[in-house]
Protein chains: 2
Amino acid sequence: MPSKNTHANEGATRRKLIETGVRLFGLHGFEATSTRALATAADANLGSISYHFGGKEGLYRAVLEHIVEIKMAEIGPGLDRVLTVCADASASREKLLETLRVLVRTMVGVMIGGEQSQAFSQIMMQEQIAPTASFDLLYSGFFEKVQAAWAAVLGRLTGLPTDNRELRLRTLSIMGQFVIFRVGMAATLRRLDCEKLSDEIMECIVRFGIQQVEAIVDGFTPVDQPGCACGRQEDRI
Amino acid sequence: MPSKNTHANEGATRRKLIETGVRLFGLHGFEATSTRALATAADANLGSISYHFGGKEGLYRAVLEHIVEIKMAEIGPGLDRVLTVCADASASREKLLETLRVLVRTMVGVMIGGEQSQAFSQIMMQEQIAPTASFDLLYSGFFEKVQAAWAAVLGRLTGLPTDNRELRLRTLSIMGQFVIFRVGMAATLRRLDCEKLSDEIMECIVRFGIQQVEAIVDGFTPVDQPGCACGRQEDRI
DNA sequence: AGGAATTAATCATTCGATTGAATATATCCC
DNA sequence: GGGATATATTCAATCGAATGATTAATTCCT
C-alpha cells in the first residue's frame, strides 16, 4: 500500500495509469483492455498496476472514482445552485425556466464537448449497457445527482412531487434528448457526414434543445394514473 | 462452405450458435464473449464456430445480420407506411401527427419491450459506443432507415427539407427521448427502484412521449443559421 | 541503512483457431 | 435395391499467442 511519498514525481506512475485507463477503458471497455496495453501506453511497468491498484479491476475502480471526481468538480456547484433555486418556494417561473436553460447548456457541454469528456462519457455508457461491480460508484456519484437536479426543476415547473414516477420517467426522457448525441455519436456523425460535432453544431443543439424542453414543459399534462389527470395541475408555477 | 443440406435438423447448430450469440454478445460485448462460452451455451462444439462462420468475428457478423433481418421484418412495413404517408403531398396535418404517434408507440415497443429486444438493443448500443468493423451492417440496415422515417414525418410537420442539418439533429434528439430508456436502463431501474419496466410503465412512456413530441412540433421554430430564422416557416402544415 | 517504487522474468490460465479422425447423410452407378 | 463414393457436420485434442498476476532482484531517494 503506497503511503506518503516525498519524491518530486510523487504518484506520477499512478496518475499516468489512471489517465491512460480513462482513455483505453473508454475506447474498448473493461474486458477488451489488457493490462499490457495499459502499461505500455502509460509508459509504466506491467507490475505497477498490481502494485498501485491491486490489479486490473482496482485500476478500473480508480478510473471511475477519478471520473466522478473530475465531473462533479466541473458540474457539482452548478447542480447545487439548481437545487437551491428549486428549494426556494418564491422562485418565479421565469427564474426556474432560466435554470432549466442553464441545465440544457451544461448537459450538452458535458455530454458532447471536450476531448476528455469523450472518454469519460464512453466509460459511463459502457457501465450503463453492461454494468460492472463498480456501477454503484458512477450511479451514486454522478447519475443520481444529475437526475436529481433535472427532476427538481421539472418538478417545480410541472407541479409533480420529486418522488413521482411520471416525473422521474419524464426527466429521463427529457435528458435523453441530449444523451443521444453521446450514445449515438457514431450514427450522428454518419448522418451528418462529418467527423466531429463542431462548436457550431453544439450551439445549434443547445438552441433547439432549450426550445424543445420549454415546449415540453409548456405542454405538460400528467398522463400517469389516468383517473387523476385532472388533479394537481393548478399547482404549477 | 455449407450448401444444401436435407438433414432433418438442417442448420440446427448454426441457428443455435446465432441465437446464443445474440444473447451473449449482447450481455458482455464482442471481446468479453469467448468462443468457448458460446459453444458451451449453444450445446455445440468449439470447432463448429470456425466451421460455420469462419471464426468468432464471422459469427458476430452473422448475429448482426440476424438482428437486422428480424428487426426490419418487425418494423420495416411500418416504416414504409410512414414514408408513403409523408410522400403524399395532400396528407393532412392530423394524418401526419397520427403517423408520428404510431412512430412513438413503435419506438417504445421496439426499444424497451420484449425479451429478445433486450439482447438486440444491447448489441446495437455496444456498436454505437465502440463500433466494430461490422458497424455499417447495423447502420445501413437499421439505424438509417429508422432515422429516415422519423425525419420524413418531422420534416413535413416542420417544413424543413429532409437534408436539412437542423432537422437531422432534431430528429436524433427527439428519438433520444425513447432511446434513453434502453441505453440508460440500468439507471432507470435504479431510479424507479424496480427490476423491469412493466407494461404499465411502457404505456405511461408512450402517453407522455406522444404529448412531448407533439409539444415539440407545435413549438417548433428553426434555430440554425440564425439569420434565416424568418424563412420557410409558412410552409409548415 | 531502509522503505518506496520500478523492473524483468515467469507463473498458470485462457484465448481463438486448427487439425484429423469419426459420424451421418446424400448421391451415384450397377 | 444396394453397395460404393462423395459430401456435410461434429468431435476431441492440440497449437501458439495473449491474458492477469506474482515474484525476486534492483533502483531510487531521504
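Labels below follow one simple rule: chain letters A, B, ... track the order of the sequence lines, proteins then strands, and each chain is numbered from 1.
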Cationic N near anionic O, under 4.0 Å, A:Lys16 to A:Asp43: no

Between B:Arg170 and A:Gln212: side-chain donor-acceptor atoms closer than 3.5 Å: yes

B:Asn45 side-chain N/O to D:dT9 phosphate OP1/OP2 under 4.0 Å: no

side-chain N/O A:Thr13 vs C:dT6 OP1/OP2, d < 4.0 Å: yes

Nucleotide C:dC15, atom P - distance to CD1 of B:Ile49 in whole Å: 12 Å

Out of D:dA21, C:dA17, C:dA5, whichever nucleotide has its closest atom nearest the side chain of A:Tyr51: C:dA5

Sugar-phosphate only, base, or nothing, as touched by A:Ser34 at under 4.0 Å among non-hydrogen atoms: sugar-phosphate

B:His52 vs D:dT10: side-chain N/O to OP1/OP2 distance below 4.0 Å: yes

Distance-only polar pair, side chains of B:Gln147 and B:Thr171, donor-acceptor under 3.5 Å: no

Most 5' of A:Ser48 and B:Gly54 on DNA chain C, judged by nearest nucleotide: A:Ser48

D:dG20 OP1/OP2 closer than 4.0 Å to side-chain N/O of A:Thr35: yes

Closest listed nucleotide, where the reference is the side chain of B:Leu46 and the choices are C:dA5, D:dA13, D:dT10: D:dA13

Closest-nucleotide 5' rank along DNA chain C - winner of B:Glu31 and A:Ala44: A:Ala44

Minimum-distance nucleotide (side-chain atoms of B:Arg36 versus D:dT14, C:dA5, D:dT19): D:dT14

Donor-acceptor contact below 3.5 Å, side chain B:Glu203 vs main chain B:Glu200: no

